[in-house]
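Counting starts at 1 for both ligands and their atoms, following the listed order.
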Amino acid sequence: MRLTVLGKSPSWQDADGACSGYLIEEDGATVLLDCGTGVFSKLRRYRDYTRVDAVVISHLHADHFLDLVPFSYALTYAPRQQPTPVDRWPGTDTPARPKLYAPEGAIETFRRVVGAWGNEDLIENAFEIVEFKFDSVLEVGSMRFRFAKVPHFTETFAIDISSMNGGGRITYGADCSPNEQLVEFAKGTDLLIVEATLPRPERTGIRGHLTPQEAGEHAQKANVKRVLLTHVSDELDELWVSKCAKRAFGGQIAIAREGAVYEA
Ligand SMILES: [Zn+2]
Ligand SMILES: [Zn+2]
């Protein structure tokens with residue numbers, strides 16, 4: 001299985017950056033994991049958006065789903081998606097309509113968001129939406145997706161992707177406060193993608209994210225093989241982030257960068 005980082009910023013984008021978006025691919029099947037602010041432009045840099053088989057959304061925060069809006073506009077209005085030939089596009093009777101897997105209640109949220117300026121059914125017409133639950137198991141090509149609820153400010157799912165071809169396993173922690181669920185869910189995984197958002201725990205006392213040290217502790221307790229820290233702003237010192245996480249984990253750690261590719 002192959003992971004390509006499209007975006008890794010927290011809720012505000014890095015300079016020239018994008019929020020959460022990761023391509024997961026195996027044997028010709030392509031899944032976009034989260035589609036946060038700025039991700040559609042990065043997707044266009046690396047892949048043909050009409051060839052994405054499915055999009056999977058971890059939770060309904062803007063930095064994890066908002067670029068479904070421009071993605072939907074492309075699927076709806078791009079010349080290449082129309083039945084009649086125009087310019088260099090030959091016309092198609094079978095325009096792309098990727099699957100979109102999102103948490104329960106997503107369709108209603110999408111309607112409220114897009115409905116703010118009119119066409120509330122934009123996203124549901126552009127994609128084939130399936131709402132998933134914590135016990136859903138999805139298969140795309142040779143990849144199997146499982147979910148676990150993790151604590152955050154809104155209903156949020158960690159996502160485990162395992163190859164059915166013996167090609168490895170990737171576990172994505174989404175956004176979460178310190179918790180045992182992610183540790184259990186990620187046990188022994190080949191690559192843990194875990195957020196390391198905070199320079200220190202939330203001042204309010206209400207937890208929703210992890211510090212780099214906490215990210216490392218989760219990885220250590222779950223006995224994972226490798227760690228990819230993400231959701232780290234370019235306004236934090238990377239050396240400090242990686243040092244804190246490494247001290248807690250004791251193994252190999254990388255910090256997500258746009259365009260970086262990882263095998264699992
Ligand atoms: Zn986020
Ligand atoms: Zn979030």
Quiz item: Sequence neighbours excluded, which residues qualify as side chain to side chain contact (heavy atoms under 4.5 Å, CB included) partners of Arg111?
Solution: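 Result, side chain to side chain contact (heavy atoms under 4.5 Å, CB included) vs Arg111: Ile107, Glu108, Glu120, Glu124.
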Side-chain donor-acceptor distances from residues 250-264 under 3.5 Å, at least two apart:
residue	atom	partner	partner atom	Å
Arg257	NH2	Glu238	OE1	2.7
Glu258	OE1	Lys42	NZ	2.9
Glu258	OE2	Ala18	N	2.8

Quiz item: Hey, is CG on Asp87 packed in by over 12 heavy atoms from elsewhere, all under 6.0 Å?
Solution: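 Counting neighbours around CG of Asp87, more than 12 heavy atoms of other residues, nucleotides or ligands fall under 6.0 Å, so yes.
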Self-check item: Criterion side-chain hydrogen bond (donor to acceptor under 3.5 Å, both in side chains) against His64, the qualifying member of Thr37, Thr154, Asp175
Solution: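 So the option named by the test is Asp175.
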Quiz item: Does Asp190 reach the main-chain N or O of Ile170 with its side chain, forming a donor-acceptor pair under 3.5 Å?
Solution: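 Looks like no, no N/O pair under 3.5 Å.
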Quiz item: For the Zn ion (ligand 1), how many protein N, O or S atoms come closer than 2.8 Å?
Solution: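 Those protein atoms number 4 in total.
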Exercise. Sequence neighbours left out, what passes salt bridge (charged side-chain N to carboxylate O under 4.0 Å, His left out) with Asp48? Give chain and number order.
Key: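 Per chain and number, Asp48 pairs via salt bridge (charged side-chain N to carboxylate O under 4.0 Å, His left out) with Arg80.
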